[in-house]
J.: 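So that we are looking at the same thing, I have put the structure below in structure tokens.
Naming convention: chains lettered A, B, ... in sequence-line order (proteins, then strands); numbering from 1 in each chain.
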There are 2 protein chains.
Amino acid sequence: MARRGETIELAVLGLLHEGPMHGYELRKRLNLMLGWGRVLSYGSLYPALKKMLRANLIEEATVSPAPVSKRQRIVYEVTPTGHDEFERLMSEVGPAAWEDDTFDIRFAFFSSTDMEIRLRVLEGRRTRLQERLERVQQQLSMTQAEVDRYAAELQRHGVESVEREVRWLSELIDAERGVHVRDAEQPGPGPQFQQTTFQQTTTPHTGEDVRPPTGR
Amino acid sequence: MARRGETIELAVLGLLHEGPMHGYELRKRLNLMLGWGRVLSYGSLYPALKKMLRANLIEEATVSPAPVSKRQRIVYEVTPTGHDEFERLMSEVGPAAWEDDTFDIRFAFFSSTDMEIRLRVLEGRRTRLQERLERVQQQLSMTQAEVDRYAAELQRHGVESVEREVRWLSELIDAERGVHVRDAEQPGPGPQFQQTTFQQTTTPHTGEDVRPPTGR
DNA sequence: GGCTGCATGTAAGTCGTTACATGATTTA
DNA sequence: TAAATCATGTAACGACTTACATGCAGCC
């Protein structure tokens with residue numbers, strides 16, 4: 001299970017959990033979230049929406065507040081079936097490549113799941129990264145001969161980045177567990193991940209989020 | 001120019017600059033270099049090799065040392081045309097997505113090019129990343145309403161990663177320029193990038209390099 | 001003698017992008 | 001009223017993966 005096409009599906013279902021939306025809007029939001037330059041094309045989004053409609057994962061929203069919606073637009077919302085599928089995709093353990101590709105998306109929609117799933121996703125990713133680090137370091141210790149300067153620097157930088165990512169994941173995992181404990185014991189304003197060093201220049205902001213590069 | 005298919009081409013040409021190789025070996029090396037989990041399939045490698053052969057970018061090596069090579073293998077080497085193509089691809093300014101995807105490959109083969117190209121690649125990437133950072137920060141300052149906790153953390157982490165990448169690139173650029181100066185003025189052992197903090201457990205190693213995740 | 005790994009290749013199918021096509025609506 | 005942008009969609013094409021097919025060589 002968990003083929004490639006399901007990435008869009010996961011993203012769409014995740015976004016629709018925030019409220020009904022039409023295709024054009026989904027694309028905009030998705031490009032901001034998963035973006036950093038990459039663009040989801042209409043050519044893949046609209047067919048995906050139709051497919052999800054047929055599969056009864058989403059349905060046309062029964063829009064009460066706007067009787068005369070000016071533009072031609074089709075607003076979708078998640079069905080109960082769609083919600084189940086969302087939870088399945090969020091917790092799905094699939095090919096490593098797929099899990100890599102979807103980590104950011106899953107993470108962005110963590111609020112729509114429960115802690116069990118969150119921990120599974122976080123720990124899964126950490127394990128995978130650690131395994132790769134070990135494999136790389138084994139390779140390093142096995143090989144000899146002179147190293148190309150640039151190749152070595154690239155690889156050094158790569159290892160460092162992954163190690164940093166592992167530490168980040170560990171902090172998140174601790175925070176998750178921390179929530180668990182504190183929720184019962186403390187009345188405080190919930191867990192902070194770490195000091196939010198970079199909470200930006202001006203105003204707080206809405207869901208116009210943007211996604212990081214992660215492990216490229 | 002600079003379509004997707006050319007990524008393999010670039011990688012193959014780069015590797016063959018280190019010496020003649022056959023397909024199976026290329027695949028192994030490539031998977032280690034570009035890998036961190038991703039695998040280049042035979043289904044794309046072998047056809048690519050044939051295509052490159054037809055385009056006269058590579059040719060079957062005139063193997064002198066092994067008269068009775070035991071196994072069936074086709075060893076390739078770069079032609080002069082191939083070398084030109086390699087230089088073209090190394091310095092090509094294409095779609096941002098393509099440049100992102102190939103940055104690591106280009107970097108890994110920096111030794112086979114000259115400083116002009118190296119600087120162009122490094123500065124090009126730095127510029128692109130900086131532009132994206134600015135765009136993201138503009139978005140942040142434009143939007144209001146409450147942020148989802150996880151989406152915000154993801155985005156914070158993303159920005160931090162990209163900023164780190166930019167700093168890394170800046171160091172590399174300085175080092176490149178440093179080479180330039182020092183080459184003439186100092187007899188020293190060439191430029192160090194930074195302290196090679198992580199130069200590994202045991203032995204130095206050969207080209208069995210591995211590629212970092214970069215910007216995902 | 002059989003299993004594992006080396007070595008090359010092809011065919012089918014999937015997935016997604018690019019480009020095209022269409023039309024309404026707001027803004028300058 | 002012209003341009004930009006909202007909004008949805010389809011058709012053609014390209015690229016890569018998966019699975020299949022084949023055979024030799026070295027090791028136990």
J.: Atom CG of A:Leu53 and atom C1' of D:dG9: how far apart are they, to the nearest Å?
T.: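 Result: 14 Å.
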J.: Quick one: A:Arg29 CZ to D:dA7 C1', roughly how many Å, whole number?
T.: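 Going from CZ in A:Arg29 over to C1' in D:dA7 covers 18 Å.
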J.: Among all residues two or more places apart in sequence or in another chain, which pass the side chain to side chain donor-acceptor pair (under 3.5 Å) test with A:Glu85?
T.: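 So A:Glu85 forms a side chain to side chain donor-acceptor pair (under 3.5 Å) with A:Arg88.
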J.: Using ring pair (Phe, Tyr, Trp, His ring centres under 6.0 Å) as the criterion, list what pairs up with B:Phe86, not counting sequence neighbours.
T.: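 Once residues adjacent in sequence are excluded, the partners of B:Phe86 under the ring pair (Phe, Tyr, Trp, His ring centres under 6.0 Å) criterion are B:His17.
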J.: In this structure, how many angstroms lie between the C1' atom of D:dT17 and the CH2 atom of A:Trp98, rounded?
T.: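 Distance, rounded to whole Å: 17 Å.
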J.: What residues, two or more places apart in sequence or in another chain, satisfy side chain to side chain donor-acceptor pair (under 3.5 Å) together with A:Ser111?
T.: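 A:Ser111 satisfies side chain to side chain donor-acceptor pair (under 3.5 Å) with B:Asp148 once adjacent residues are dropped.
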J.: Please walk me through it: do A:Arg149 and A:Glu153 pass side chain to side chain contact (heavy atoms under 4.5 Å, CB included)?
T.: CA-CA 6 Å; A:Arg149 212 224 291 298; A:Glu153 171 62 15; over 6 Å; no
J.: Please list, by residue number, the residues of residues 41-48 of chain A whose heavy atoms come closer than 4.0 Å to an atom of DNA chain D; answer none if no residue qualifies.
T.: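 The answer is A:Tyr42, A:Gly43, A:Tyr46.
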J.: Figure out the CZ/C1' separation between B:Arg54 and C:dG9, and round it to whole Å.
T.: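 Atom-to-atom, B:Arg54 to C:dG9, this comes out as 14 Å.
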J.: In whole angstrom, give the distance that lies between atom CG of B:Leu26 and atom C1' of C:dG9.
T.: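 Interatomic distance, CG of B:Leu26 to C1' of C:dG9: 15 Å.
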J.: Rounded to whole Å, how long is the line connecting atom CD of A:Gln72 with atom C1' of D:dG9?
T.: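 Going from CD in A:Gln72 over to C1' in D:dG9 covers 9 Å.
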J.: Got a sec, which residues hit side chain to side chain donor-acceptor pair (under 3.5 Å) with A:Glu123, two or more places apart in sequence or on another chain?
T.: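 A:Glu123 satisfies side chain to side chain donor-acceptor pair (under 3.5 Å) with A:Arg177 once adjacent residues are dropped.
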J.: In whole angstrom, give the distance that lies between atom CG of B:Leu40 and atom C1' of C:dG9.
T.: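 It works out to 14 Å between those atoms.
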J.: Using the ring pair (Phe, Tyr, Trp, His ring centres under 6.0 Å) criterion, which residues pair with B:Tyr46? Sequence neighbours excluded.
T.: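 Scan of B:Tyr46 (ring pair (Phe, Tyr, Trp, His ring centres under 6.0 Å), adjacent residues dropped) gives B:Tyr42.
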J.: So that I can tick it off, tell me whether B:Glu163 and B:Arg167 are bridged by a salt bridge, with the cut-off set at under 4.0 angstrom between side-chain N and carboxylate O.
T.: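 No, this pair does not count.
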J.: Can you name the side chain to side chain donor-acceptor pair (under 3.5 Å) partners of B:Ser44, sequence neighbours left out?
T.: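 So B:Ser44 forms a side chain to side chain donor-acceptor pair (under 3.5 Å) with B:Ser41.
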J.: With sequence neighbours excluded, what pairs up with A:Phe110 under the ring pair (Phe, Tyr, Trp, His ring centres under 6.0 Å) test?
T.: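 Ring pair (Phe, Tyr, Trp, His ring centres under 6.0 Å) list for A:Phe110, sorted by chain: A:Phe107, B:Tyr150.
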J.: What N/O pairs connect the protein and nucleotides 2-6 of chain C at under 3.5 Å? Give each pair on its own line.
T.:
residue	atom	partner	partner atom	Å
C:dG5	N2	B:Arg71	NH1	3.2
C:dC6	OP2	B:Tyr24	OH	2.8

J.: Roughly how many Å is it from CZ in B:Arg27 to C1' in C:dG9, rounded to a whole number?
T.: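 After rounding, the gap between these two atoms is 13 Å.
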